[in-house]
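Only one structure is covered here, and it is reproduced in the block below.
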Amino acid sequence: MKSPDFQPVSAVAHPNIAFIKYWGNRDQELRLPCNSSLSMNLSGLETCTTVRFDPLLHQDHFLLSGEVVKGAALERVSRFLDHIRSLAKLNVYAHIESQSNFPTGAGIASSASAFAALAMAASHAIGLFLDEKDLSRLARKGSGSASRSIPDGFVEWQAGTGDADSYAFSIAPAEHWDLVDLICLIDSSHKVVGSTGGHALAGTSPLQSVRLSHLQQRLEKCRQAILRKDFDQFAEVVEEDSNLMHAVMRTSSPPLIYWLAETEIILWNVLAWRKEGIPACCTVDAGPNVHVLVLGDHADKLQARLSELPGVQRIFRASPGPGASLI
Ligand code: PMV
C-alpha cells in the first residue's frame with residue numbers, strides 16, 4: 001500500500017493568562033484538573049509550529065528556535081504525538097519546528113501556546129480534522145493550560161468528569177473587553193520546578209482542599225465580572241485566586257516559592273495604585289513575573305509607572321487574543 005503523501009502544516013497559538021488558576025491534577029497522565037479554570041488568550045505573544053510527518057524517519061525530530069531538542073523535552077513532545085498517531089492509526093514520525101516570540105519556561109505559559117499550536121498543526125498534518133472541543137481535549141494532554149489556548153478570547157476550561165468532557169470553550173470573544181495584560185518580566189531564567197512537577201505536589205498542601213472548596217464561587221464571580229465588564233469584582237477575585245494558588249504552592253512539601261522580592265514590590269504598588277483609582281490588578285503564574293491586568297484606557301500610564309519599579313527588565317503588552325489557527 002502506498003503511504004499517504006504528508007504535507008507540512010503550520011499553526012499559530014497564543015499563551016493565555018489564567019484568572020482562575022488550574023493547579024493540581026486528579027489524573028496526572030490525562031491531565032484531568034482538580035478544578036475548572038478561566039483565562040484570556042494573549043495576542044502579540046505567540047508560538048508558530050510547523051509539522052511534517054515523514055515515513056522515512058525512525059523517531060521524531062524537533063527544532064525549537066532553530067536548535068535541535070533532545071532528552072526530556074523531545075520525549076514529552078513525542079509522547080504527545082503518540083496520542084495523535086494513535087487517533088490517526090498511523091505509526092509515522094514527524095519533523096517539528098517551533099518558535100515563540102517570548103521567553104519560555106518563565107511563568108508566561110509557553111507550554112500552553114506550544115502544545116496548542118502543536119495539536120493544531122500535527123493533527124492536520126496527519127490528516128485528522130478535529131473540531132474545537134476535540135482539539136482542546138487533545139492539547140490538554142500536552143499541557144493542561146494548552147486546552148485554553150485553542151478557543152477564542154476569554155475561555156473557560158471545564159474540569160469535566162473524564163477525558164471526554166474536560167475541554168475548554170470561549171465564554172466571550174477577544175473583542176468583548178478592552179483589557180490589557182502588562183507582563184512584567186523580572187526574571188526570564190528557566191524555572192526550577194515546572195508546572196508539571198508543581199501539579200503533582202498540589203495535593204501535599206493542607207491548603208489545596210481549602211482552595212478548592214470555594215473554587216466554584218470564584219469561577220462564577222469571575223465569569224460574571226468578565227461578562228458584565230465589572231473591573232472591581234474582577235480585580236478582587238483574580239487576586240484572591242492567584243494568592244490562594246501561591247499559598248498552596250508555598251505550603252506544599254517540598255515548598256514551591258516562585259516569587260522574588262521584586263514580585264512583591266509590584267504587587268504592593270499595584271494595590272496602592274488601585275486605591276488611587278487606577279483599574280489594575282495582579283496575577284502570578286508558576287514563576288516570578290507579574291501579569292498586571294488593566295483597563296485599556298489606563299494601560300500607557302500604568303506601563304510607564306511599572307517600568308520605573310526595581311527589577312522590571314521588560315514589559316510585554318498583550319490584549320485579548322484569538323484562539324489557535326492554521327497559517
Ligand atoms: O498547563 P500547565 O501544566 O503549564 O499549568 C499551568 C499552571 C498555571 O499557569 C500556574 C495556572 C494556569 O491555570 O495557567
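Start at 1 and go down the list; that is how both ligands and their atoms are numbered. Everything numeric here is computed off the predicted structure, so don't read it as measured data.
- Taking only nitrogen or oxygen atoms, main chain and side chain alike, Thr196 does not reach within less than 3.5 Å of ligand 1.
- At least one N/O-N/O distance between Arg148 and ligand 1 falls below 3.5 Å.
- Residue-level proximity to ligand 1 for Ser111 is carried by the side chain, the only part with a heavy atom below 4.0 angstrom.
- At a threshold of 4.0 Å, the pair Glu308-Arg305 does not count as salt-bridged, since none of the basic side-chain nitrogens sits closer than that to a carboxylate oxygen.
- Residue contact check: Ala18 has heavy atoms under 4.0 Å from atoms 12 (C), 13 (O), 14 (O) of ligand 1.
- Taking the six-membered ring for Trp, Trp157 and Tyr22 have ring centres closer than 6.0 Å.
- Looking at Lys301 and Glu276, no side-chain N of the basic residue comes within less than 4.0 Å of a carboxylate O on the acidic one, giving no salt bridge.
- Residue Ser195 has at least one heavy-atom neighbour below 4.0 Å for each of these atoms of ligand 1: 2 (P), 3 (O), 4 (O), 5 (O).
- Residue Gly144 approaches ligand 1 through these ligand atoms, each under 4.0 Å from one of its heavy atoms: 1 (O).
- The only member of Arg85, Arg52, Lys70 that meets salt bridge (charged side-chain N to carboxylate O under 4.0 Å, His left out) when paired with Asp60 is Arg85.
- Against a heavy-atom cut-off of under 4.0 Å, Lys21 is close to the following atoms of ligand 1: 13 (O).
- The shortest heavy-atom distance from Ser143 to ligand 1 is under 4.0 Å.
- Ion pairing between a basic and an acidic side chain is recognised when a charged N comes within 4.0 Å of a carboxylate O; Arg274 and Asp232 show no such pairing.
- A salt bridge links Arg218 with Asp241: at least one charged nitrogen is closer than 4.0 Å to a carboxylate oxygen.
- Taking every heavy atom of Met245 and a limit of under 4.0 angstrom, the matching atoms of ligand 1 come to 10 (C).
- Listed by atom number, the atoms of ligand 1 under 4.0 Å from Ala286 heavy atoms are 10 (C).
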